[in-house]
Amino acid sequence: MSRRALPIFKNFISSGGGGGSTRSVTYMPRPGDGTPRPVTLIPGDGVGPLVTGAVEQVMEAMHAPVYFEKYDVHGDMKTVPPELIESIRKNKVCLKGGLKTPVGGGVSSLNVLLRKELDLYASLVHCFNLKGLPTRHQHVDIVVIRENTEGEYAGLEHEVVPGVVESLKVITKFCSERIAKYAFEYAYLNNRKKVTAVHKANIMKLADGLFLESCREIASKYPSIQYNEMIVDNCSMQLVSKPEQFDVMVTPNLYGNLVSNVAAGIAGGTGVMPGGNVGADHAIFEQGASAGNVGNEKLLEQKKANPVALLLSSAMMLRHLQFPSFADRLETAVKRVISEGKYRTKDLGGTSTTQEVVDAVIANLE
Amino acid sequence: MSRRTLPILRNLLSARFPTRSITYMPSPGDGSPRPVTLIPGDGVGPLVTDAVEQVMEAMHAPVYFEKYDVRGDMKNVPPEVLESIKKNKVCLKGGLRTPVGGGVSSLNMILRKELDLYASLVHCFNLPGLPTRHDNVDIVVIRENTEGEYAGLEHEVIPGVVESLKVITKFCSERIAKYAFEYAYLNNRKKVTAVHKANIMKLADGLFLESCREVASKYPSIQYNEMIVDNCSMQLVSKPEQFDVMVTPNLYGNLVANTAAGIAGGTGFMPGGNVGADHAIFEQGASAGNVGNDKLLVQKKANPVALLLSSAMMLRHLQFPSFADRLETAVKRVIEEGKYRTKDLGGNCTTQEVVDAILANLE
C-alpha cells in the first residue's frame with residue numbers, strides 16, 4: 001500500500017499543494033473600466049530598450065488595455081525634456097527602462113530630476129523568494145519603502161575652499177511624516193503586520209531623530225500594526241542572517257538605497273525584484289533595485305538582459321491602473337517560467353537571451 | 001508503512017499553504033476611509049446588514065456606513081437616500097420587500113431607475129464544502145435592469161383587459177452588451193452567451209441580439225453564442241459547465257440568475273450587485289426581493305453569506321483588494337468546515353453564530 005501512496009505523495013507535493021483551477025475573483029467593474037489607458041514609456045539607456053521591448057511584447061500578447069507613448073531620453077542629457085514631463089503629468093503613470101547616471105561631472109542624475117519634478121516621494125521595492133529560484137535565504141518577503149526626495153541624495157554639495165567639499169543631508173518633518181504615512185498606509189492596505197524604521201539616530205541624533213519621531217507619531221495611529229526601530233548597521237546584518245523577521249521597512253534615502261539592494265540580493269537578485277516610485281499624483285514603475293545600473297556592453301550585445309524585474313513591475317502597474325486580472329495573468333506566467341527553470345538569463349545561472357524568456361512567458365499566458 | 005502515510009497524506013490535504021501578498025503599489029491617500037450608504041431594509045435585511053457591519057469593524061476596513069431607514073411599503077424613495085448615494089457612489093442594501101399587486105411601484109426598481117443602474121450582475125459558483133447536485137459551476141449573469149418586461153408600463157384598456165408593454169431599445173441593449181463584453185475582457189472570461197426568445201419575439205429580442213452581435217465583433221478573442229431561453233434553462237440544469245458569462249434582457253435574466261444561483265448552492269450564497277455609469281448598489285445576488293418569512297426573522301437564522309460576499313465585491317469596487325481577499329477567505333473557510341450552517345443549508349445555526357465563526361477565521 002505504501003508503494004502506491006508514495007507516487008501520489010510525490011505528485012501532490014510537486015503540484016504545489018493540490019492547487020485546483022484558479023477561480024476568477026468576484027469583481028464588478030464600472031462601465032468604461034476597460035477603455036485603454038495611455039502610459040508613458042521611457043526605454044532609456046543600455047539594456048533599457050531591450051527590457052521595455054519585452055514588456056511591450058507581453059502587453060500586446062495579453063491584449064492589455066494599455067498603450068504606450070514612447071519618449072527617447074538618455075542619461076547624459078542635461079535635463080529632462082519638457083514634453084516628457086507633460087506626458088507623465090497627463091497620463092499619471094510611466095514605465096521606465098533605466099537611465100544611466102554619469103559618475104562625477106556636473107550633470108545631475110536624470111532619475112533624481114524626474115522624481116523631484118513629479119514629487120515622487122516614495123520608492124517601493126518588493127523583495128520576495130520566487131519558487132524555483134535558488135537562494136541562500138528562505139522566507140523572504142520584504143517591502144522597502146524609501147524616502148526619495150531629501151536626505152543624503154538631495155544633491156546639495158558645494159566646495160567650501162579648494163580641497164574641502166560639504167555635502168548637506170537635509171531631513172524635514174514634512175517629508176519624514178509623509179513617507180511614514182505612506183509606509184503605514186501600505187501595511188494597512190496590504191494586510192502587513194509589521195513596520196520597521198531603519199535609522200542611525202545614535203550618531204545623527206537630530207536628523208535621524210526627527211525621522212524617528214515622525215515614524216513614532218504615525219505608528220501611534222495604527223495600533224494594529226507592530227512597529228519597531230533598528231539601527232542600520234545591525235539591520236544590514238540581520239537582513240543577511242534572519243531575513244524572515246522583516247515585513248515592511250521604512251527608511252530615509254541612503255539607508256533605503258542600500259537596504260533595498262541587500263534585500264533584493266538575498267531574495268534572488270536585482271534582476272527579478274519589482275518596484276516603483278509613487279507620489280500624490282503620479283507613479284513611475286521600474287526595476288526595483290539598482291535602477292541606475294543599465295548593464296554592461298557585453299550584456300547588451302548578446303541581448304541577455306533579465307526582463308523579469310520590469311515584467312513584474314509592469315504587473316504592479318496594471319494593478320495600479322485597476323486591471324487586476326491582467327496583472328494576475330502576467331505574474332502567474334512569469335512565475336511559472338521561473339519555477340520551471342528552463343529559460344534563465346545569465347544573472348540567474350542560465351544562458352538564455354531576453355527574447356527566449358519573453359517567448360516562454362507569452363507561451364505560458366492563460 | 002501505509003498506516004503511517006495515510007495520516008500524513010490527510011494532514012497535507014488539509015494543510016493551509018501560506019498565501020503571499022500580491023505586489024501592489026497604492027497611491028498615497030488610498031487608505032482613507034470611504035463612506036458607503038447602507039440600507040438595512042425589511043425582514044431579515046437589518047439582520048444581515050448588521051452581520052456585514054460587524055465584520056467590517058473587525059477587519060478595520062476603511063469604510064464607514066451612513067444608514068438610512070427605508071421600507072418596501074413606502075410610496076417613494078426618500079430624497080435624502082438618493083442624495084447620499086449620489087454623493088457616496090456606492091451603496092449596500094439588505095432587501096426591500098415589494099408588495100404584490102396594488103399600485104405601489106417596487107422601491108428596488110425605483111432606485112435602479114433613478115440612479116440608472118442598468119446592469120445587474122450575479123456571480124454563481126460552487127463553494128467547496130457546500131453540497132450541490134452540480135459541479136464546475138462558475139457563471140456570471142449580466143442582466144439588463146431598466147427596460148424590457150419589468151418597465152412597469154401597464155394599463156387597463158377596458159375593464160378586464162390589461163396590456164403590459166415590453167420595451168426593448170437599441171440604446172439599452174447596446175450598453176448592456178458592452179458591459180457584458182467589457183466584464184469578460186477585464187476578468188479573463190472566455191465566452192459570452194446571449195439568452196433570448198427571438199424566434200417568437202422577432203423584433204424585440206431580435207434587436208437585443210443585433211446589439212449583442214455588433215459588440216461581439218469588437219471582441220474577437222471572446223467566444224460568443226446565442227441560446228434560446230427555454231433551451232438555456234434546460235442546459236443550465238443539465239450541463240452548467242458550458243456557461244461562462246451570460247447577457248440577458250430583464251425577465252430572462254431574473255429567471256436565469258435565480259436558476260444559476262439555485263444550482264450553485266442557493267440564493268443565500270451568491271453575491272451580486274447593480275451598477276451604472278456612476279453608481280453601484282451591492283446586495284444579495286438573486287431573489288433580492290425575498291426578505292425571508294417571519295419565523296426566520298424571529299429565530300434570527302437568516303444566511304448572511306450572500307451579503308458578506310457582496311460586500312467583498314464592494315471592497316474590490318472601492319479598490320481595497322486585500323480586505324476583500326481576507327473577507328472572502330474567511331467566509332470560504334467557514335463554509336468549507338461546515339460546522340456553522342443556517343437553515344437553508346440544512347443546519348441549525350443562527351446568523352450571529354455564522355458571523356462569529358467568520359470573525360474567528362479572519363487573518
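Chain A is the first sequence line, chain B the second, and so forth, proteins listed ahead of strands; every chain is numbered from 1.
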> How about A:E60: does its CD atom have over 12 heavy atoms from other parts shown lying under 6.0 Å from it?
Replying inline: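 For A:E60, atom CD is not crowded (no more than 12 foreign heavy atoms under 6.0 Å).
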Report the distance from atom [atom1] of [X] to atom [atom2] of [Y], rounding to the nearest 0.5 Å.
X: B:S27; Y: A:K92; atom1: OG; atom2: NZ; result: 10.0 Å
X: A:R30; Y: B:K89; atom1: CZ; atom2: NZ; result: 8.5 Å
X: B:R326; Y: A:N191; atom1: CZ; atom2: CG; result: 4.0 Å
X: A:E185; Y: B:S32; atom1: CD; atom2: OG; result: 6.0 Å

I need the minimum non-hydrogen distance between [X] and [Y], along with the two atoms involved.
X: A:M28; Y: B:I281; result: CE-O, 4.4 Å
X: A:A283; Y: B:M25; result: CB-CE, 4.2 Å
X: A:P31; Y: B:G276; result: CD-O, 3.1 Å

Heavy-atom contact with chain B under 4.5 Å, split by part of [X]:
X: A:P274; value: side chain
X: A:R178; value: neither
X: A:D281; value: neither

> Taking only residues two or more places apart in sequence, or in another chain, which ones meet A:F326 in a ring pair (Phe, Tyr, Trp, His ring centres under 6.0 Å)?
Replying inline: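 Applying ring pair (Phe, Tyr, Trp, His ring centres under 6.0 Å) to A:F326 gives B:Y185.
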>> If the condition is ring pair (Phe, Tyr, Trp, His ring centres under 6.0 Å), which residues does B:F282 pass it with, not counting sequence neighbours?
In response: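 Result, ring pair (Phe, Tyr, Trp, His ring centres under 6.0 Å) vs B:F282: B:H317.
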Does any heavy atom of chain A fall under 4.5 Å from the side chain of [X], the backbone, both, or neither of them?
X: B:F181; value: neither
X: B:N274; value: backbone
X: B:P271; value: side chain
X: B:A324; value: neither

> Are A:L189 and B:S322 close enough that some pair of their side-chain heavy atoms sits under 4.5 Å apart?
Replying inline: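 Sidechains of B:S322 and A:L189: no contact.
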> Does A:Y186 use its side chain to pair, donor to acceptor, with the backbone of B:P28 at less than 3.5 Å?
Replying inline: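 Not a single qualifying donor-acceptor pair exists.
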>> Using a 4.5 angstrom heavy-atom cutoff, name the option from A:K193, A:H282, A:M316 with the most pairs to chain B.
In response: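 Counting heavy-atom pairs under 4.5 Å, the top option is A:M316.
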